[in-house]
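Here is the naming used below: chain letters follow the sequence lines, and residue numbers restart at 1 for every chain.
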There are 2 protein chains.
Amino acid sequence: MMQTTREKILDAVFKLVYINGYNGTSMAMILKECGIPKGSLYHYFKSKKEMVLTVVKERINPRMNEFYQLDVEEGVEGIDTIISTLYKVSKKELLVSNGCPLNRLNQEMSPVDADFEEEINLVYDSLRNKILLLLNNSSLVEGIDAESLSEFIIATVWGSISLSPKQSSQKRYLSTIKHLINYLKSLKV
Amino acid sequence: MMQTTREKILDAVFKLVYINGYNGTSMAMILKECGIPKGSLYHYFKSKKEMVLTVVKERINPRMNEFYQLDVEEGVEGIDTIISTLYKVSKKELLVSNGCPLNRLNQEMSPVDADFEEEINLVYDSLRNKILLLLNNSSLVEGIDAESLSEFIIATVWGSISLSPKQSSQKRYLSTIKHLINYLKSLKV
DNA sequence: TGTAAACTAGACCATTCAGTCTGTTTTAAG
DNA sequence: CTTAAAACAGACTGAATGGTCTAGTTTACA
């Protein structure tokens with residue numbers, strides 16, 4: 001199936017912003033990457049900002065949901081779904097190469113632009129809520145607050161991915177995740 | 001004591017880059033912030049890049065060491081020093097407001113510039129090595145690898161700080177750190 | 001006090017930036 | 001076939017970018 005102009009643009013923007021960040025990516029770079037003239041691009045998006053926000057919605061958000069498959073399964077303890085997802089994710093190389101695209105943009109844009117903050121938090125919240133749902137569907141040892149635990153899980157995964165983005169080896173990342181899994185297992189009743 | 005021109009520049013750069021990132025901070029902004037004319041500034045630093053790298057060395061690095069006081073204490077289990085430092089750090093508000101300045105710059109610049117990557121990794125490594133030293137000075141339950149545990153600690157703390165930098169409340173951050181402390185305590189023999 | 005070096009000062013420069021403008025071509029509907 | 005809208009195309013614009021240049025001023029020391 002042939003890719004539409006709009007899709008070509010979004011793919012190029014995702015790729016370049018993932019590597020160079022928002023301010024590090026110029027319109028000229030984007031135009032060159034997707035080989036589409038300026039007039040066409042501005043036909044689809046009214047500004048650079050709107051374009052990148054669209055990438056968050058239509059590229060990064062689905063990607064996050066694809067990576068972190070965290071839906072409630074019949075007859076499976078929620079926390080076991082989380083653990084097995086963590087295992088699976090730790091095997092996927094591409095995620096680690098430049099850190100988490102959402103987190104990267106979050107660091108750069110959220111402190112400086114409320115629209116980005118809002119859009120990025122939507123993705124983050126949906127992820128956290130899925131984890132929360134799974135945790136509430138589990139029997140945990142007493143005194144464990146599911147909400148703060150869901151934050152902890154996300155914080156640790158994101159922290160692992162974002163540590164020294166360029167050279168962080170798969171192995172290093174994996175051994176970090178093992179500690180998280182280790183901790184989660186200790187919370188099962 | 002009076003502040004030198006060079007110090008004024010570094011302070012302004014630290015502040016602005018912390019908020020806006022590297023590419024989001026222009027020379028014009030820096031000049032305005034510190035009220036120093038261009039010619040003077042370029043007398044001290046030959047380029048924007050050199051200037052920001054100097055900020056990493058002379059502002060961010062000492063700041064990290066000041067925040068994370070992780071030196072070996074006589075007669076104290078290393079892991080207890082880590083735990084009490086985590087407690088202390090979680091009470092310091094300023095760190096959380098815009099995330100960790102080192103991590104922020106890391107996310108933006110490391111994938112794109114080898115000099116930044118190197119300089120930032122120096123700070124990160126010194127922190128990790130301190131933690132490693134403390135862990136090696138502790139009795140941990142069997143099967144725990146101190147090296148990967150030190151990575152895990154940093155990943156979790158950085159992840160906690162960087163999650164939704166703007167609005168992440170102190171409370172939320174604190175409850176995340178509690179899980180880390182909880183885990184660390186479970187590893188004491 | 002003479003003088004070289006350190007520092008201050010800001011006008012100026014080429015380049016790049018995001019975004020606009022004015023057309024041309026293609027598509028789809030009647 | 002006609003026609004209006006959607007899409008393509010790229011030259012052009014004003015503002016902002018990092019950095020240079022040529023001065024003037026202060027400092028430190030001989």
Quiz item: Can you list the residues that meet the ring-ring contact (aromatic ring centres under 6.0 Å, His included) rule with B/F45, with sequence neighbours excluded?
Solution: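 With neighbours one apart ignored, the set is empty.
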Exercise. Can you sort out the partners of B/F14 under ring-ring contact (aromatic ring centres under 6.0 Å, His included), two or more places apart, ordered by chain and number?
Key: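 By the ring-ring contact (aromatic ring centres under 6.0 Å, His included) rule, B/F14 matches B/Y18.
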Report the distance from atom [atom1] of [X] to atom [atom2] of [N], rounded to the nearest whole Å.
| X | N | atom1 | atom2 | answer |
| --- | --- | --- | --- | --- |
| B/K48 | D/dT20 | NZ | C1' | 17 Å |
| B/N23 | C/dC17 | CG | P | 10 Å |
| B/M27 | C/dA14 | CE | P | 20 Å |
| B/K32 | D/dT17 | NZ | C1' | 17 Å |
| A/L41 | C/dC21 | CG | P | 17 Å |
| B/F45 | C/dC7 | CZ | P | 12 Å |

Using atom types as modelled, flag every donor-acceptor pair under 3.5 Å from a side chain in residues 176-189 of chain A to any protein atom, sequence neighbours excluded.
residue, atom, partner, partner atom, Å
A/T176, OG1, A/R172, O, 3.0
A/H179, ND1, B/Y183, OH, 2.8
A/H179, NE2, B/S148, OG, 2.8
A/H179, NE2, B/L149, N, 3.4
A/N182, ND2, B/Y183, OH, 3.1
A/Y183, OH, B/H179, ND1, 2.8
A/Y183, OH, B/N182, ND2, 3.1
A/S186, OG, A/Y183, O, 2.6
A/K188, NZ, A/D80, OD1, 2.8
A/K188, NZ, A/D80, OD2, 3.4

Quiz item: For A/S126, which residues count as a side chain to side chain contact (heavy atoms under 4.5 Å, CB included) partner, sequence neighbours excluded?
Solution: A/N65
Quiz prompt | B/K48 to B/Y22, cation-pi by 6.0 Å centre distance and 45° axis angle | solution = yes
Quiz prompt | Residue-phosphate contact under 4.0 Å: A/S26 side-chain N/O, C/dT16 OP1/OP2 | solution = no
Quiz prompt | Residue pairs, two or more places apart or on separate chains, that pass side-chain hydrogen bond (donor to acceptor under 3.5 Å, both in side chains) and touch residues 23-36 of chain A | solution = A/K15-A/E33, A/N23-A/E108
Quiz prompt | A/Y42 side chain, from C-beta outward: closest of D/dG18, C/dT20, C/dC17 | solution = C/dT20
Kindly give the atom pairs (protein nitrogen or oxygen, nucleotide nitrogen or oxygen) under 3.5 Å for nucleotides 8-11 of chain D.
residue, atom, partner, partner atom, Å
D/dC8, OP1, A/T5, OG1, 2.6
D/dC8, OP2, A/Y44, OH, 2.9
D/dG10, N7, A/G39, N, 3.1
D/dG10, O6, A/G39, N, 3.3

